[in-house]
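One structure is given here, and the rest of the page talks about it.
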Amino acid sequence: TSPCDRPVPPTAGLSHDKWEIDPAELHLLEELGSGQFGVVRRGKWRGTIDVAVKMMKEGTMSEDDFIEEAKVMTKLQHQNLVQLYGVCSKDRPIYIVTEYMRHGSLLNYLRRHETSLGANVGLLLDMCIQVCKGMAYLERHNYIHRDLAARNCLVGSENVVKVADFGLARYVLDDQYTSSGGTKFPIKWAPPEVLNYTRFSSKSDVWAYGVLMWEVFTCGKMPYGRLKNTEVVERVQRGIILERPKACFKEVYEVMRKCWAHCPEVRPSFRVLKEQLISVSQGLV
Ligand SMILES: CNC(=O)Nc1cc(-c2cccc(-n3cnc4cc(C(C)(C)C)ccc4c3=O)c2C)cn(C)c1=O
């Protein structure tokens with residue numbers, strides 16, 4: 001957007017651009033883990049706001065492209081998206097500062113709470129609906145995630161679930177991750193058109209969302225078990241899909257199956273998925 005599109009802040013010219021965060025306002029705390037770009041730490045911003053800070057390891061990300069994109073990403077705001085607060089890009093390593101989610105990744109949360117969650121299909125469905133709402137917002141903004149999976153969603157207080165790291169896949173420099181033949185490429189969440197032509201779209205996100213629903217209703221099992229990536233590619237191209245999880249009743253599995261239509265145009269949009277899942281959850285009451 002050209003500067004004239006953005007409302008001019010009263011302090012125009014005095015402060016950094018609004019997506020630029022002053023590192024002096026950050027107080028770094030314990031390490032939360034490490035991801036594709038290096039170490040992530042919990043922190044405090046302006047003394048009180050809980051944040052997560054990704055400290056970008058040199059050579060892991062195409063930084064200039066990302067910093068440009070960060071301006072767009074800070075504008076994507078929804079209660080089921082992990083909010084990007086801004087970046088510290090004046091020196092290296094650059095920091096990516098986001099909202100902090102106290103219970104960590106959805107995948108680990110499902111595995112840690114399998115017993116209690118397994119008995120609560122209403123809650124499992126609610127988690128799926130929250131992710132769907134976040135994804136429907138991205139779809140409305142023509143924004144593709146490219147790596148939607150339970151590991152890339154985060155859990156906050158009161159079982160709030162939010163989609164994280166949307167769009168970041170485009171800035172990963174590791175070709176083991178970016179090329180579909182690479183060891184880190186998320187084959188088990190990829191539809192035929194991505195496996196064959198790396199053709200990403202909101203409909204390829206819908207396929208991945210179906211796999212995420214399967215992860216949720218199995219409380220964090222690995223899709224296709226211990227099958228090798230080559231075996232999964234072969235099955236997906238032959239139209240073999242994941243089996244119905246025990247905890248998953250038929251109406252929900254029917255929605256999952258629609259996400260795995262071979263042809264992307266046949267798959268429902270996230271907007272339609274959201275309506276269908278909400279009506280299934282109302283039928284539960
Ligand atoms: C206990 N609470 C917490 O731990 N909370 C949190 C943990 C993390 C966290 C910690 C370590 C690594 C990663 N991580 C994991 N996978 C990633 C994958 C990608 C792609 C590009 C491959 C999709 C990019 C970045 C990451 C990444 O930074 C995250 C999200 C982030 N946030 C916001 C939290 O609230």
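All ligand and atom numbering here is 1-based and tracks the order in the structure. Just so you know, these numbers come straight off a predicted model, no measurement behind them.
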*Where does Ala164 meet ligand 1, judged by heavy-atom distances below 4.0 Å: at the side chain, the backbone, both, or neither?*
neither
*asked:* I need the Trp214 CH2 to Tyr253 OH distance, nearest 0.5 Å.
replied: 10.5 Å
*Is it the side chain, the backbone, both or neither of Arg151 that has a heavy atom closer than 4.0 Å to ligand 1?*
neither
*Would you mind checking which non-hydrogen protein atom is closest to atom 13 (C) of ligand 1, with the distance to 0.1 Å?*
Val40 CG2, 4.0 Å
_Shortest protein contact, atom 28 (O) of ligand 1 (heavy atom only)_ = Lys54 NZ, 2.7 Å
*For the residue pair Ile94 and Val87, establish whether any side-chain heavy-atom pair is separated by less than 4.5 Å.*
no
*asked:* Taking distance alone, with N or O pairs closer than 3.5 Å, would you say Tyr177 contacts ligand 1?
replied: no
_Which residue and heavy atom of the protein sit nearest atom 19 (C) of ligand 1, plus the separation_ = Gln36 CB, 4.0 Å
*Tell me which part of Tyr171 gets within contact of ligand 1: side chain, backbone, both or neither, using heavy atoms under 4.0 Å.*
neither
*Is the side chain of Ser269 donor-acceptor paired with the backbone N or O of Val272 at a distance under 3.5 Å, no angle test?*
yes
*Please report the C-alpha distance between Glu215 and Arg151 in whole Å, then the side-chain angles of each, then the deciding distance to 0.1 Å, and finally whether the salt bridge (Lys or Arg N to Asp or Glu O under 4.0 Å) criterion is met.*
CA-CA 10 Å; Glu215 291 183 275; Arg151 65 180 173 275; 5.1 Å; no
*Name the closest protein heavy atom to atom 31 (C) of ligand 1, giving the residue it belongs to and the distance to 0.1 Å.*
Leu154 CD1, 3.9 Å
*Are a donor atom and an acceptor atom from the side chains of Asn159 and Gln130 found within less than 3.5 Å of each other?*
no
*Identify the closest protein heavy atom to atom 1 (C) of ligand 1: which residue and atom is it, and at what distance?*
Arg102 O, 3.3 Å
*Please tell me if the side chains of Arg267 and Cys259 come closer than 4.5 Å, counting only heavy atoms from C-beta onward.*
no
*asked:* I need the atoms of ligand 1 closer than 4.0 Å to a non-hydrogen atom of Thr98, numbered in the order shown.
replied: 33 (C)
*Considering only heavy atoms of Ser34, which atoms of ligand 1 have at least one such atom less than 4.0 Å away?*
11 (C), 12 (C)
*atom 30 (C) of ligand 1: which protein heavy atom is closest, and how many Å away?*
Asp165 OD2, 3.5 Å
*Of the side chain and backbone of Arg42, name the one, both, or neither that has a heavy atom under 4.0 Å from an atom of ligand 1.*
neither
_Thr98 versus Gln83, side-chain donor and acceptor atoms under 3.5 Å_ = no
*Taking side chain as C-beta onward, heavy atoms only, is Phe217 less than 4.5 Å from Cys128?*
yes
_Atoms in ligand 1 flagged as close to Ala52, the criterion being non-hydrogen separation under 4.0 Å_ = 32 (N), 33 (C)
*Where is the nearest protein heavy atom to atom 16 (N) of ligand 1: which residue, which atom, and how far?*
Asn152 OD1, 3.8 Å
*Does Val232 reach the side chain of Lys188, with side-chain heavy atoms less than 4.5 Å apart?*
yes
_Per-atom contacts, ligand 1 versus Val172 - under 4.0 Å to a heavy atom_ = 21 (C)
*asked:* Quick check on contacts: which atoms of ligand 1 are under 4.0 angstrom from a heavy atom of Glu99?
replied: 33 (C)
*Which is closest to atom 5 (N) of ligand 1 in terms of heavy atoms, Glu30, Met101, His145, Arg146?*
Met101
_Stepwise salt bridge (Lys or Arg N to Asp or Glu O under 4.0 Å) test for Arg92 and Asp64_ = CA-CA 12 Å; Arg92 296 291 178 269; Asp64 297 344; 3.7 Å; yes
*Looking at Asp147, which atoms of ligand 1 are within less than 4.0 Å of one of its heavy atoms?*
22 (C), 23 (C)
*If you have a sec, work out which protein heavy atom is nearest atom 15 (C) of ligand 1 and how many Å separate them, to one decimal?*
Gly35 CA, 4.0 Å
*With a distance cut-off below 6.0 Å to the six-membered ring centre and an angular limit of 45° from the axis, does Arg146 pair with Trp189 as a cation-pi contact?*
no
*Would a line drawn from the ring center of Tyr209 to the ring center of Phe270 be shorter than 6.0 Å?*
yes
